[in-house]
Amino acid sequence: MPKATLFVEGTFRAGYETHFVEYSRKVRAYLDQHGAEVIRRQRVTRTLYGSGLPDLIMLIDFPSVEIAEKLFFEPDYLALIPLRDRVFSDFKMGIAEFGEI
């Protein structure tokens, strides 16, 4: 089973600060329970090229592609989506197997 990196791009909703700490705490706890390793979570500060950049990027490594794909459709994660939607007006998540093109 190849390892996987999951990436997240999020654009904050107005007033996101009210819910961000709670959402972050719950997501981190969920990821920790399943062997995920948060590599980086950063605020995007400016655009160098292009437009429409997110406010936040996050990289998370998983022991396998199968685990990463499955976790975000489990009832425990699905229950966090209403809170996530209070934080982000736009939220994207993608997955890549370890390795290079």
Side-chain angles (χ1 to χ4, degrees):
M1 287 192 292
K3 290 177 138 187
T5 298
L6 189 118
F7 64 91
V8 172
E9 297 180 0
T11 301
F12 291 129
R13 183 177 299 285
Y16 76 94
E17 302 91 346
T18 305
H19 306 286
F20 185 75
V21 172
E22 178 186 7
Y23 174 70
S24 292
R25 180 180 50 77
K26 288 181 176 184
V27 167
R28 287 280 181 135
Y30 183 72
L31 293 172
D32 289 345
Q33 289 173 7
H34 299 284
E37 179 186 2
V38 175
I39 302 302
R40 184 167 290 121
R41 182 181 78 177
Q42 293 178 270
R43 178 80 189 243
V44 176
T45 55
R46 70 176 180 253
T47 302
L48 297 179
Y49 290 97
S51 61
L53 291 179
D55 295 314
L56 176 134
I57 58 168
M58 188 171 182
L59 296 174
I60 309 159
D61 281 349
F62 287 87
S64 73
V65 171
E66 293 79 13
I67 290 171
E69 288 177 340
K70 179 182 171 197
L71 284 183
F72 295 97
F73 297 97
E74 294 290 325
D76 287 346
Y77 182 77
L78 296 176
L80 294 174
I81 291 176
L83 181 58
R84 184 187 77 192
D85 288 347
R86 291 183 185 139
V87 174
F88 298 104
S89 61
D90 187 47
F91 185 86
K92 295 179 178 116
M93 183 184 290
I95 192 165
E97 287 185 14
F98 268 33
E100 295 185 28
I101 352 182

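Between V27 and R25 there is no side-chain heavy-atom pair separated by less than 4.5 Å. Between D61 and F98, some side-chain heavy-atom pair lies under the 4.5 Å cut-off. For the pair F72/L78, no side-chain contact is recorded, criterion being any heavy-atom separation below 4.5 Å from C-beta on. Proximity of L56 to R43: side-chain heavy atoms (C-beta onward) are nowhere separated by under 4.5 Å. Residues R28 and V38 form a side-chain contact, since some pair of their non-hydrogen atoms from C-beta on lies under 4.5 Å apart.
Hydrophobic clustering, with ILVMFWY side chains joined whenever heavy atoms are under 4.5 angstrom apart, keeps F7 apart from F88. In terms of hydrophobic clustering, with Ile, Leu, Val, Met, Phe, Trp and Tyr side chains grouped at heavy-atom distances under 4.5 Å, V21 and L31 are assigned to different clusters. Cluster annotation: I81 and Y16 are assigned to the same hydrophobic cluster (Ile/Leu/Val/Met/Phe/Trp/Tyr, side-chain heavy-atom contacts under 4.5 Å, transitive). At a threshold of 4.5 Å between side-chain heavy atoms, the hydrophobic network of Ile, Leu, Val, Met, Phe, Trp and Tyr places M93 and L83 in one connected group.
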Side chain to side chain contact (heavy atoms under 4.5 Å, CB included) evaluation trace for Y23 with R84: CA-CA 6 Å; Y23 174 70; R84 184 187 77 192; 3.3 Å; yes

Worked verdict on T11 versus D55 for side-chain hydrogen bond (donor to acceptor under 3.5 Å, both in side chains): CA-CA 5 Å; T11 301; D55 295 314; 4.7 Å; no

Test side chain to side chain contact (heavy atoms under 4.5 Å, CB included) applied to I57 and V8, step by step: CA-CA 6 Å; I57 58 168; V8 172; over 6 Å; no

Ring pair (Phe, Tyr, Trp, His ring centres under 6.0 Å) between F12 and F20, intermediate numbers included: CA-CA 9 Å; F12 291 129; F20 185 75; 5.6 Å; yes

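Smallest separation of non-hydrogen atoms from I67 and H34: CG2-O, 4.2 Å. Taking both residues in full, the closest heavy atoms of G35 and P63 are given as O-CD, 3.6 Å, listed atom of the first, atom of the second, then distance. Minimum interatomic distance between V44 and P54 (heavy atoms only, all atoms of both residues): CB-O, 3.2 Å.
For the pair R41 (side chain) and L59 (backbone), a donor-acceptor distance under 3.5 Å is absent. Here the side chain of Y30 pairs a donor or acceptor atom with the backbone of L71 at under 3.5 angstrom.
Put simply, CG on L53 and CD on E9 are 8.0 Å apart, with the number rounded to the nearest 0.5 Å. M58 contributes atom CE, which lies 4.0 Å from atom CD1 of I60 (distance to the nearest 0.5 angstrom). Atom-to-atom distance recorded for R86:CZ and R13:CZ is 10.5 Å, nearest 0.5 angstrom.
With salt bridges taken as basic N to acidic carboxylate O contacts below 4.0 Å, none links K70 and E66.
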